[in-house]
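Input: a single structure, listed below in structure tokens.
Positions are given from 1, in the same order as the sequence printed here.
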Amino acid sequence: MFSVWQVAGEPTAQRGYQPAAALKAGELTQETGGAICLLSTVLYNVGLLAGLQVLEQHCHSVDSYGERRYFELGRDAAIEFGYLDLRFRNSWMQALRLSVSVTDDAVQASFSAAVARPFDVGLIVSLPEDAGHDERGREMFSVRTTRRIDQADAPVLSEDLGISNYRRAPG
């Protein structure tokens, strides 16, 4: 099993984490270890594309960036130390190696294996739909994400990854 927090540890200044953008109680702020959701979102997507079983994943509560968001809605992974994690498992018979590189401008990740995996993966996200209002009367919307795994000589596996609900950012 892979867990972001088991690998990354608590995001503290003593461990080298820097202040950056973060969502707290649905509001954009700054905190040590902020922006780590970019890493978890990239890891979530490479895990999905590698056909890994998702054990825990949470979407963000607010679409803070609107059209400037760094990933498609329904494909994000919010994490918060001690509360929200991203966890997945490799249920295939072949071992995988995870490589991650982080620069000032990008986060990149990939899984590799000794032999090419015998399937193709597609991710489908529905168009946003009205999801009513939250308890404070703020407008909500949702998307549904589906993963299709097409294996040679096997039926296509279609997996409903669930509905992600978001509050629209003000403005």
Side-chain angles (χ1 to χ4, degrees), residues 1-65 69-104 106-113 117 121-126 131 134-135 140-149 157 159-167 169:
M1 179 193 69
F2 174 88
S3 159
V4 168
W5 291 125
Q6 281 184 345
V7 173
E10 185 174 1
T12 64
Q14 294 83 0
R15 299 188 70 231
Y17 287 85
Q18 301 293 314
L23 280 176
K24 277 292 191 195
E27 302 297 326
L28 196 56
T29 184
Q30 262 208 354
E31 69 177 35
T32 300
I36 197 162
C37 290
L38 175 56
L39 173 64
S40 62
T41 293
V42 169
L43 291 173
Y44 177 55
N45 280 270
V46 297
L48 288 175
L49 294 171
L52 301 182
Q53 176 187 9
V54 178
L55 302 175
E56 181 180 355
Q57 177 269 336
H58 307 271
C59 70
H60 289 84
S61 57
V62 180
D63 181 23
S64 298
Y65 297 99
R69 70 183 71 86
Y70 55 85
F71 245 92
E72 183 179 20
L73 293 170
R75 294 179 56 183
D76 59 314
I79 58 174
E80 184 176 340
F81 186 78
Y83 180 61
L84 304 176
D85 199 357
L86 171 65
R87 298 180 308 124
F88 41 73
R89 172 181 298 129
N90 180 11
S91 55
W92 300 89
M93 297 303 291
Q94 189 175 46
L96 295 174
R97 178 175 182 228
L98 174 62
S99 298
V100 178
S101 100
V102 179
T103 67
D104 288 343
V107 175
Q108 296 178 325
S110 64
F111 279 104
S112 58
R117 314 265 324 252
V121 176
L123 300 174
I124 303 150
V125 180
S126 70
D134 69 6
E135 67 283 348
M140 301 287 295
F141 66 96
S142 64
V143 297
R144 178 177 295 279
T145 307
T146 305
R147 173 170 60 176
R148 291 177 45 96
I149 300 177
L157 171 65
E159 178 183 9
D160 181 1
L161 297 173
I163 294 175
S164 299
N165 293 302
Y166 301 92
R167 180 168 51 86

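Every residue two or more places apart in sequence or in another chain that forms a side chain to side chain contact (heavy atoms under 4.5 Å, CB included) with L38 is listed here: V42, Y70, V107. In this view, A21 and L28, Y65 satisfy the side chain to side chain contact (heavy atoms under 4.5 Å, CB included) rule, not counting sequence neighbours. Partners of L49 by side chain to side chain contact (heavy atoms under 4.5 Å, CB included), not counting sequence neighbours, listed by chain and number: V121, L123.
Counting all heavy atoms, side chain and backbone alike, G51 lies closest to I149 at CA-CD1, 4.3 Å. Contact record, D85 with I79: C-CG2, 3.9 Å, taken as the closest heavy-atom pair. In terms of heavy-atom proximity, T145 sits nearest to G74 at OG1-O, 3.0 Å. Listed here is the closest heavy atom pair of L84 and A78: CB-O, 3.9 Å. Across G34 and A22, no two heavy atoms sit closer than the pair CA-CB, 4.1 Å. Contact detail for R15 and E10: the closest heavy-atom pair is NH1-O, 2.9 Å.
The distance from the CZ atom of R87 to the CD atom of Q53 is 10.0 Å, given to the nearest 0.5 Å. H58 NE2 to Y44 OH: the interatomic distance, rounded to the nearest 0.5 Å, is 11.0 Å. The structure places OG of S61 at 6.0 Å from CZ of R167, a figure rounded to the nearest 0.5 Å. Rounded to the nearest 0.5 angstrom, Q30 CD and Q18 CD are separated by 10.5 Å. Interatomic distance, NE2 of H60 versus CG of L73, reported as 11.0 Å (0.5 Å rounding). Going from atom OG of S164 over to atom CZ of R75 covers 11.5 Å, rounded to the nearest 0.5 Å.
At least one side-chain heavy atom of L43 sits less than 4.5 Å from a side-chain heavy atom of F2. Using a 4.5 Å cut-off on side-chain heavy atoms (C-beta onward), L161 and L48 make contact. Side-chain contact between D63 and F141 is present, with heavy atoms from C-beta onward closer than 4.5 Å.
Note: F81 and W5 have perpendicular aromatic rings, judged against thresholds of 30 and 60 degrees for the angle between ring planes.
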Checklist line | side-chain contact (heavy atoms from CB on, under 4.5 Å) assessment of V7 paired with L98 | finding: CA-CA 12 Å; V7 173; L98 174 62; over 6 Å; no

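At least one donor-acceptor pair under 3.5 Å links the side chain of S126 to the backbone N or O of R144. Judged purely by atom type and a 3.5 angstrom limit, T32 has no side-chain atom pairing as donor or acceptor with the backbone of P19.
Around CZ of R148, the count of heavy atoms belonging to other residues, nucleotides or ligands within 6.0 Å does not exceed 12.
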